[in-house]
Participant: 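Dumping the structure here so I can ask a few things about it.
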Amino acid sequence: MPKKITNRFSVSYLQILDENGKVDKKLEPKIPEEDLISMYRWMVLAREFDERMLKLQRQGRIGTFGPSIGQEAAHCVPACLMNEKDWMVGAFREVGARLIRGETMEQSLYFYNGYEEGSEKPKGSNILPVSIIVGAQTLHAVGVGYSLKYRNVKDAAVVTFFGDGATSEGDFHEAMNFAGVWQAPVVFICQNNQWAISLPRHKQTRSVTIAQKGIAYDVPGIQVDGNDPLAMYVAAKEALERARNGGGPTLIEAVTFRMMMHTTADDPTKYRTDKEVEGWKPKDPLIRMKKYLEYKDIWNDAMEEEMRSEVRKEIDKAVKNFEAKTGFDSSILFDHTYGDRHYTLNEEKAEFLAEQAKETANG
Amino acid sequence: MPKKITNRFSVSYLQILDENGKVDKKLEPKIPEEDLISMYRWMVLAREFDERMLKLQRQGRIGTFGPSIGQEAAHCVPACLMNEKDWMVGAFREVGARLIRGETMEQSLYFYNGYEEGSEKPKGSNILPVSIIVGAQTLHAVGVGYSLKYRNVKDAAVVTFFGDGATSEGDFHEAMNFAGVWQAPVVFICQNNQWAISLPRHKQTRSVTIAQKGIAYDVPGIQVDGNDPLAMYVAAKEALERARNGGGPTLIEAVTFRMMMHTTADDPTKYRTDKEVEGWKPKDPLIRMKKYLEYKDIWNDAMEEEMRSEVRKEIDKAVKNFEAKTGFDSSILFDHTYGDRHYTLNEEKAEFLAEQAKETANG
Amino acid sequence: MAKLNMVQAINLALHEKMKHDDDVVVLGEDVGVDEGVFRVTAGLLNEYGEKRVIDTPLAESGIIGTSIGMALGGMKPVCEMQFSGFSYLIMHQLEGHASRMRQRSLGAWNVPLVVRMPYGGGIRAMEHHSESREAFYAHIPGIKTVIPSSPRNARALLISAIEDPDPVIFMEPKRSYRAFREEVPDEMERMEIGKAQIVRKGSDITVISWGAMMRPVIKAVEESEKELNAKIELIDMLTVSPLDDAAIVESVRKTGRVVVVQEAPKNVSISSEIVARINDKALLYLEAPVKRVTNYDVVTPYFSREMDFMPSPGRIKRAIKETIEF
Amino acid sequence: MAKLNMVQAINLALHEKMKHDDDVVVLGEDVGVDEGVFRVTAGLLNEYGEKRVIDTPLAESGIIGTSIGMALGGMKPVCEMQFSGFSYLIMHQLEGHASRMRQRSLGAWNVPLVVRMPYGGGIRAMEHHSESREAFYAHIPGIKTVIPSSPRNARALLISAIEDPDPVIFMEPKRSYRAFREEVPDEMERMEIGKAQIVRKGSDITVISWGAMMRPVIKAVEESEKELNAKIELIDMLTVSPLDDAAIVESVRKTGRVVVVQEAPKNVSISSEIVARINDKALLYLEAPVKRVTNYDVVTPYFSREMDFMPSPGRIKRAIKETIEF
Ligand SMILES: Cc1ncc(C[n+]2csc(CCOP(=O)(O)OP(=O)(O)O)c2C)c(N)n1
Ligand SMILES: Cc1ncc(C[n+]2csc(CCOP(=O)(O)OP(=O)(O)O)c2C)c(N)n1
Ligand SMILES: [Mg+2]
Ligand SMILES: [Mg+2]
């Protein structure tokens, strides 16, 4: 049936450094050498820390944990581009970005070991606590974005992370729509890692890209090779600048892959093949970054070894600090339910302490 | 920044009969004369019934009511194209479509007078009750659509109506996404009447069309002149056929206008100008349909007069029946809270009856 | 002192707080140009502009979710659910984030926001426009739920709610919006959240209620005093969570007899908790079972039937009589 | 007879109903290929195929909303919330549609669906994976809320829930999923929804609980019987709404003393309603205040602190002793 086409839209894909380490010269960003090395170091730290946490979990020294191995470029690179005024409103699969933005490894370890101490605010940094209700945090990001604009905070943006699965939730939709209407300075970064627990990307939604979902809200969307640190750099930088300069929100679909289980409680062999996972190994963002540093001639095996051993020492130290801390008090929760205390909570706290005393006496 | 465009999308606009009554010959559908007249009659009935209800409301004979005057083509025409196997899952601004699908005017009057009797199921027809929680019903439509497919009901589709405001709700998003993934036989008809109470369309969402929201889910979307009965006919027919033939969902944005207040409790002069409303008067779907019938030479003033008087008589009769019915029993609600009765509800019903008796005795 | 109705009194509180605190913003559906479907936000847009009085898209989770973000960003959002019947769309944000942020971060973050919502029946409105579901919110630790009953306390409580460091659900009895006027002092007045008010002193029986029910309750109490020649103590809860059980217990110790009147259905409600607190703290003082006068445990009826289910002055009087004579 | 754990028993019920009724379908996040994050839906996809075992997109309102549509379309959806902590996303569909459809249409429409959801703490899970919020659902007329406590009653109640003409919230105590095994009869067994079970007869005190708390409660009751030389009557509610107050009242009339144990916070909870029903119907039989052993009214703690807040056998025993000796 002939109709008049009135509106045209398109979605672009950005890749600069391909999986063989080949650089698209036309698109290559100019990044200072130390920044490149720093980015790489953060990605390595994120990887090594994830691997250590996996070990700790297996040893029963922390609880359930969802590794982000394979996704380091997608979240570490944007985090490296953020400044002190920016806010990070994350989900639960970007520990690397949290560290970059100022959270300590100790804090992460408390968090994954089930202590509220892991959700305290790192000094001088605006990172909201881990948000587990899929999609919900994207709305907080828009509200924070509004507050930045409202309070006239210059050169500031909000970066919010979420997964491919999150794009199915109503909250993601409402967040994108509010962000569009308000032109809120928010960079929406979808870590499309192809899976939401056992649901493959193509069953999550029928659209061929996540990026095109921006069209529904007139929010510019771009699909990026999320394992390509240079492409993530360029896309995140552009989006951050747009946000900071009053240009409104951006949706970045970072195409990546969850190399490990969903969480340590999950068994991915139930729903996907080794072959699929193997296929993604050569696309590893760390390998790719290293190749680029080598191509730039600013990296060698000795430097790699030194950096790795440094990083591991940092992690060792954090784990030690973490395990040294004891005497977590449970009764403090009564002090933080409200900002002021009501006598009924005082009564409950007294009862709690009395019961705890009796429990210890009898135990 | 140069990037590779990988996906292109477009949105089309359909108008066949313009507001001057000019027909686009290439697009003109072949509609049997009696169907044209029947469609027109239903639109007139819907208009006259709305006008009557407005009067009844002003006289305090029914409660709050949201007229659909000006939107008759957008909902009556698709309803005329539905068959007995189809389901209608509406919102609250398509009384005309309800009547077409088998609800009686008496029922509508019970409903708007606050009696559950107005939400009973009309015999032999699948119309769900009025759904006031904006957007929520679109998910029911997708579930019903799934059940049609699942139970192998041939040649059946679900039509769901909702407003421009509804597209902001998370439920709309989830409904579109599920419909896309399931390829559910659902026709989503957005009556974009430019206003959600006091919020104008452009503040509802930044996208220039509602139709383009389909792109987010790979659901074909089309923008239609919703005051053009022929365009609505063609678009709804295509969408219904697609659904019935296993082609999945469609999103139709019917561009129309809410000529009256949001509901009788609303005062639109607070937020919009007379001029805007006046501007839409020449686009009236009834005027346009009448012009078309005259152009087809199958209509004249005498016929118009006869039809109008017939329609009014029908309405008179319905209002009479409605007002004749008395003795609505309140205690029956206890019988329908659950499909079986629990003794606590029996106790409550007994208490209720006893209290009612005392109330009457004392009153 | 001016005689205001509740809509005007709430509106006054909003004006007062917005005037003195730039961080206070109002957002919701139709709160701006339309001034709210009940005109509660009248004059705000005009006075404070689009940035502080925000007509949002039609999405409740969007409203509360962005309000949480604003609060985290240092603002004080006062958002509106157009009707409490649509507030179930925000439960996950309330339970999952607004109520938790402070405790989960051991005080590092907090979410000082107010969610205003007209609630309750009796105005012949359509389905979903007449519920009374304060029990949902009261069951969530970390949230405070306030229900004023008159112009003066509505104004004072809203001031306090906006100044409160925590998320406050502020449920406005829409049936009382324009039902009566009351003197409201010129200077800004506050009432403590979490404190009930003894509206009337008495020694023979305690009647407890809140919100829209206070009007039929007062009528019933006044008539009962005369008819039964009894002294009735009347408590207006004002905050239903955290619950001021001290006020209840003190009164029960004196009277030994209690009637609780609520608009909500009975099952797992505030009235249940009040009975339970009396059990916990004053059982031995009871001389009769606590009598609950509530809605029934049926779906909220369409409007033509609703008054049959709503506690009426007559029903309340009968409950008072029965409990006194027990 | 086979000895099954609760996961296996619930799985058995699903297989049984799907085998005999084509209208029964299962949908939710990860219920298909993954067989559920707790493996409750094991084997279903294999046996009944993709059309009947549906891995949905990640959207809870989508799941319940389409389930309502399926139910209206004549099917019997058994949908899953992956954790009850995410079920607050469906409140508007439950309160607004599932619970109302029958009454608003005077019986013309009904919504026979089951929402299964693992609930409760004690498995060292992350935030939002350990709540116990049955009070929300119990406050909604038109919905039934069932909480099994053992493999056998879980299987029988789920069969009944699927056959029930109304929406049933089926809360599965995940802490008990694999904690123990029980003989489950070969033939399909049903248990009446809305009926409590007297698990143990006694005359000195009544202990009331449900769900995951039944395990610590049984331990406490057994030890208390010996230590206090008392006969304890133990009631497992099984359905928390509509509440079988007849069973409670009958027991209280006999024992005069009651301890209610629940995992949820105290304020406006099932325990409140139980106390209120005892007040309403058996107050004069009480020889001591009903003692409530519950979680505290704080935000559900992260997992390393949660057991400090959860009613322990020791705390339950102390409550029993105190109430007997009152
Ligand atoms: C609202 C909600 N529903 C369900 C869950 C359980 N859950 C946790 S993560 C997850 C999958 C998330 O997928 P995606 O958004 O792609 O993020 P990824 O885990 O792949 O990083 C699910 C279903 C949840 N946390 N929140
Ligand atoms: C979830 C929800 N929020 C708010 C309302 C109150 N309300 C009723 S209709 C309406 C506007 C609807 O706008 P639109 O979807 O464009 O439909 P229209 O009224 O224009 O037909 C609002 C805000 C509601 N019914 N449901
Ligand atoms: Mg994913
Ligand atoms: Mg509209």
Side-chain angles (χ1 to χ4, degrees), chain C residues 60-61 85-96 99-100 102-104 127-128 131 133-142 240-243 264-284 286 288-292 296-302, chain D residues 60-61 85-96 99-100 102-104 127-128 131 133-142 240-243 264-284 286 288-292 296-302:
Chain C
E60 286 71 16
S61 185
F86 309 124
S87 69
Y88 319 131
L89 280 150
I90 70 174
M91 289 298 278
H92 64 295
Q93 290 281 2
L94 287 180
E95 203 279 348
S99 71
R100 287 170 183 260
R102 177 186 294 277
Q103 188 183 303
R104 71 152 68 107
E127 205 189 358
H128 311 293
E131 284 67 31
R133 296 260 185 273
E134 60 272 26
F136 285 160
Y137 303 110
H139 187 57
I140 307 178
V240 298
S241 180
L243 195 73
K266 186 158 63 177
N267 202 29
V268 195
S269 63
I270 307 296
S271 72
S272 327
E273 185 60 32
I274 289 175
V275 177
R277 296 284 179 98
I278 294 171
N279 163 85
D280 295 350
K281 299 183 168 180
L283 183 77
L284 300 187
L286 278 188
V290 179
K291 178 87 189 162
R292 298 197 275 166
Y296 298 88
D297 291 304
V298 299
V299 172
T300 317
Y302 283 9
Chain D
E60 287 71 16
S61 185
F86 308 124
S87 69
Y88 319 132
L89 281 149
I90 69 173
M91 288 298 277
H92 63 295
Q93 289 281 0
L94 286 180
E95 202 279 348
S99 70
R100 286 171 184 260
R102 177 187 292 280
Q103 187 185 302
R104 71 152 67 107
E127 205 190 358
H128 310 293
E131 284 67 32
R133 296 261 186 270
E134 60 272 25
F136 285 160
Y137 303 111
H139 187 56
I140 307 178
V240 297
S241 180
L243 195 74
K266 187 159 61 176
N267 201 30
V268 193
S269 64
I270 307 296
S271 73
S272 327
E273 185 61 31
I274 289 175
V275 177
R277 296 284 178 100
I278 293 171
N279 164 86
D280 295 350
K281 298 183 169 179
L283 183 78
L284 301 187
L286 278 188
V290 179
K291 178 87 187 161
R292 297 197 276 167
Y296 298 88
D297 292 302
V298 299
V299 172
T300 317
Y302 283 10

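Residue numbers begin at 1 in each chain, while the letters A, B, ... track the order of the sequences.
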Participant: Do you know which two heavy atoms are closest between D:P265 and C:P141, and how far apart they sit?
Facilitator: CG-CG, 4.2 Å
Participant: Between D:H128, D:R100, D:R133, which residue shows the highest count of heavy-atom pairs closer than 4.5 Å to chain C?
Facilitator: D:R100
Participant: Pick whichever of C:R292, C:M91, C:R102 has the most heavy-atom pairs under 4.5 Å with chain D.
Facilitator: C:R292
Participant: Quick check on D:I278 against chain C: is it the side chain, the backbone, both or neither that has a heavy atom closer than 4.5 Å?
Facilitator: neither
Participant: Could you measure the distance from the CG atom of C:L283 to the CG atom of D:L283? Nearest 0.5 Å is fine.
Facilitator: 6.0 Å
Participant: Tell me, out of C:G85, C:A138, C:G142, who's got the most heavy-atom pairs with chain D below 4.5 Å.
Facilitator: C:A138
Participant: Which atoms of C:I140 are under 4.5 Å from chain D, going by heavy atoms: the side chain, the backbone, both sets, or neither?
Facilitator: side chain
Participant: Determine the option with the most heavy-atom pairs under 4.5 angstrom with chain C, choosing from D:S61, D:G96, D:A264.
Facilitator: D:G96
Participant: Between D:L286, D:L243, D:D297, D:D280, which residue shows the highest count of heavy-atom pairs closer than 4.5 Å to chain C?
Facilitator: D:D280
Participant: How about C:V299 and D:R104: do any of their side-chain heavy atoms sit closer than 4.5 Å?
Facilitator: no
Participant: Quick check on C:S87 against chain D: is it the side chain, the backbone, both or neither that has a heavy atom closer than 4.5 Å?
Facilitator: neither
Participant: Who among C:L284, C:V298, C:V240 has the most heavy-atom pairs with chain D under 4.5 Å?
Facilitator: C:V298
Participant: Below 4.5 Å from any heavy atom of chain D, which atoms of C:E127 appear? Answer side chain, backbone, both or neither.
Facilitator: side chain
Participant: Checking C:I274 against chain D: side chain, backbone, both or neither under 4.5 Å from a heavy atom?
Facilitator: neither
Participant: If you count heavy-atom pairs within less than 4.5 Å of chain D, which of C:K291, C:E131, C:Q103 leads?
Facilitator: C:Q103
Participant: Could you walk me through whether C:S241 and D:V268 pass the side-chain contact (heavy atoms from CB on, under 4.5 Å) test, one step at a time?
Facilitator: CA-CA 9 Å; C:S241 180; D:V268 193; 5.9 Å; no
Participant: Would you say the side chain of C:V275 lies within less than 4.5 Å of the side chain of D:R277, judging by non-hydrogen atoms?
Facilitator: no
Participant: With side chains defined as the heavy atoms from C-beta onward, is the minimum distance between C:H139 and D:H139 less than 4.5 Å?
Facilitator: no
Participant: Looking only at atom types and distance, does a side-chain atom of C:N267 sit under 3.5 Å from a main-chain N or O of D:E273, one as donor and one as acceptor?
Facilitator: no
Participant: Against chain D, label C:A282 side chain, backbone, both or neither, depending on which of its atoms sit under 4.5 Å from a heavy atom there.
Facilitator: neither
Participant: Checking D:Y302 against chain C: side chain, backbone, both or neither under 4.5 Å from a heavy atom?
Facilitator: side chain
Participant: Pick one of side chain, backbone, both or neither for D:S271, based on which atoms fall under 4.5 Å of a heavy atom in chain C.
Facilitator: neither
Participant: Would you compute the distance between atom CD of C:E95 and atom CZ of D:F136 and round it to the nearest 0.5 angstrom?
Facilitator: 5.5 Å
